[in-house]
There are 2 protein chains.
Amino acid sequence: MIYSSELIKGTLKTIVLKLLADNKKMYGYEITQRVKELTFDRIQITEGALYPTLHALESDGLVTTETEYIGKRVRKYYSLSPSGKNKTKEKVSELADFMETMKFLLDIKPKTA
Amino acid sequence: MIYSSELIKGTLKTIVLKLLADNKKMYGYEITQRVKELTFDRIQITEGALYPTLHALESDGLVTTETEYIGKRVRKYYSLSPSGKNKTKEKVSELADFMETMKFLLDIKPKTA
DNA sequence: CAAAGATACATAAGAAAATTATGTATTTGA
DNA sequence: TCAAATACATAATTTTCTTATGTATCTTTG
């Protein structure tokens, strides 16, 4: 079972930031594979969604990049900047908080019947 | 603190369906107020988001409507159809499942210091 | 050794879903 | 009486993702 894509909306940036916080530096393709692994294939980040997100994080100054060559193939590593680290803490705790709220909302039992 | 709007994206339909499951019938404005109450003002559904969502649920056959007049003012009540009840169960359990996965993702600790 | 599949980047067109703004109208409360 | 709350609705814009496409290299397998 794969989560309907609408659920991933709004959480992608947070997922990426958190992975970078946990791993110091990662490249795009690696991120897609790691998320796939960690979620047992239930969340699959597409490249069309990921790369624009990474570029946005970079232009917001939340990540820095370094390019490496593996043979002739280019690989672009992303790392959190200091402000990226702060942003990650904010985003992760906001999402955790939000999930508590949602859990509460979804647990409410009917008054009627 | 109000959750950043991107977090609400993708969960709105599920929230609305779940509220209708718990309350048999509700009208739009009531839904916005109920969500505000239940979340201590942290989730505020705007009318521009809610009404199109309700109309979509209706055209998908997930809810039925009945119009009532309170004085001269119109009030449009929404109720779940049988297929809406099934859909609600699906959506709620998918979201609950998704939140477990996200919780796991966000809890992962750094390997590197 | 050729071909398929995996690795690795990127961007553009289109779709989906929300935000923001606007509009109408009634009712309530200060 | 006048502002705020109640109650609906829609349109323009923005944001964000999907889908499609493009390029290129490396690895595995028949």
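- Comparing A:R75 and A:P52, the nucleotide of DNA chain C nearest to each residue sits closer to the 5' end for A:R75.
- Between the CD1 atom of A:I2 and the C1' atom of D:dT18 there is a distance of 14 Å, rounded to whole Å.
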Under 4.0 Å protein heavy-atom contact, by nucleotide of nucleotides 21-30 of chain C - B base, S sugar-phosphate only | -----BS---
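- Rounded to an integer number of Å, the gap from OH of A:Y51 to P of D:dC17 is 16 Å.
- In this structure, the OH atom of B:Y29 is 16 Å from the C1' atom of D:dA9, given to the nearest Å.
- Contacts with DNA chain C (heavy atom under 4.0 Å) in residues 85-93 of chain A: none are found.
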B:K25 vs B:E68, salt bridge (Lys or Arg N to Asp or Glu O under 4.0 Å): CA-CA, chis, key distance, verdict = CA-CA 12 Å; B:K25 70 177 195 175; B:E68 213 170 83; 3.7 Å; yes
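- Computed from coordinates, the A:L54 CG to D:dT16 C1' distance equals 14 Å when rounded to whole Å.
- Remark on DNA chain D: of its neighbouring residues A:T11 and B:H55, the 5'-side contact belongs to B:H55, judged by nearest-heavy-atom nucleotide.
- Taken over five-pair windows at either terminus, the axes of the helix from C:dC1-D:dG30 to C:dA30-D:dT1 are inclined to one another by 20° (rounded to 10 degrees).
- Between A:Y77 and A:T65, every side-chain heavy-atom pair lies at or beyond the 4.5 Å cut-off.
- Following rounding to the nearest Å, B:L7 (CG) and C:dA17 (P) show an atom-to-atom distance of 17 Å.
- When each of C:dA18, D:dT18, D:dA9 is scored by its nearest atom to the side-chain atoms of A:S5, the top-ranked nucleotide is D:dT18.
- One distance of note links CG of A:D107 with CE of A:M102; it measures 10.5 Å at 0.5 Å rounding.
- Whole-Å rounding puts the B:E6 CD to D:dT14 P distance at 18 Å.
- Across A:T64 and A:S81, no two heavy atoms sit closer than the pair CG2-CB, 4.4 Å.
- The residue B:I8 sits apart from the nucleic acid: no heavy atom pair falls under 4.0 Å.
- Counting to the nearest Å, the P atom of C:dA10 and the CD1 atom of A:I31 are 11 Å from each other.
- A:I43 places its CD1 atom 13 Å from the P atom of D:dC17, with the value rounded to the nearest Å.
- Screening B:N86, B:L62, B:L17, B:L57 for a side-chain contact (heavy atoms from CB on, under 4.5 Å) with B:L80, the sole residue that qualifies is B:L17.
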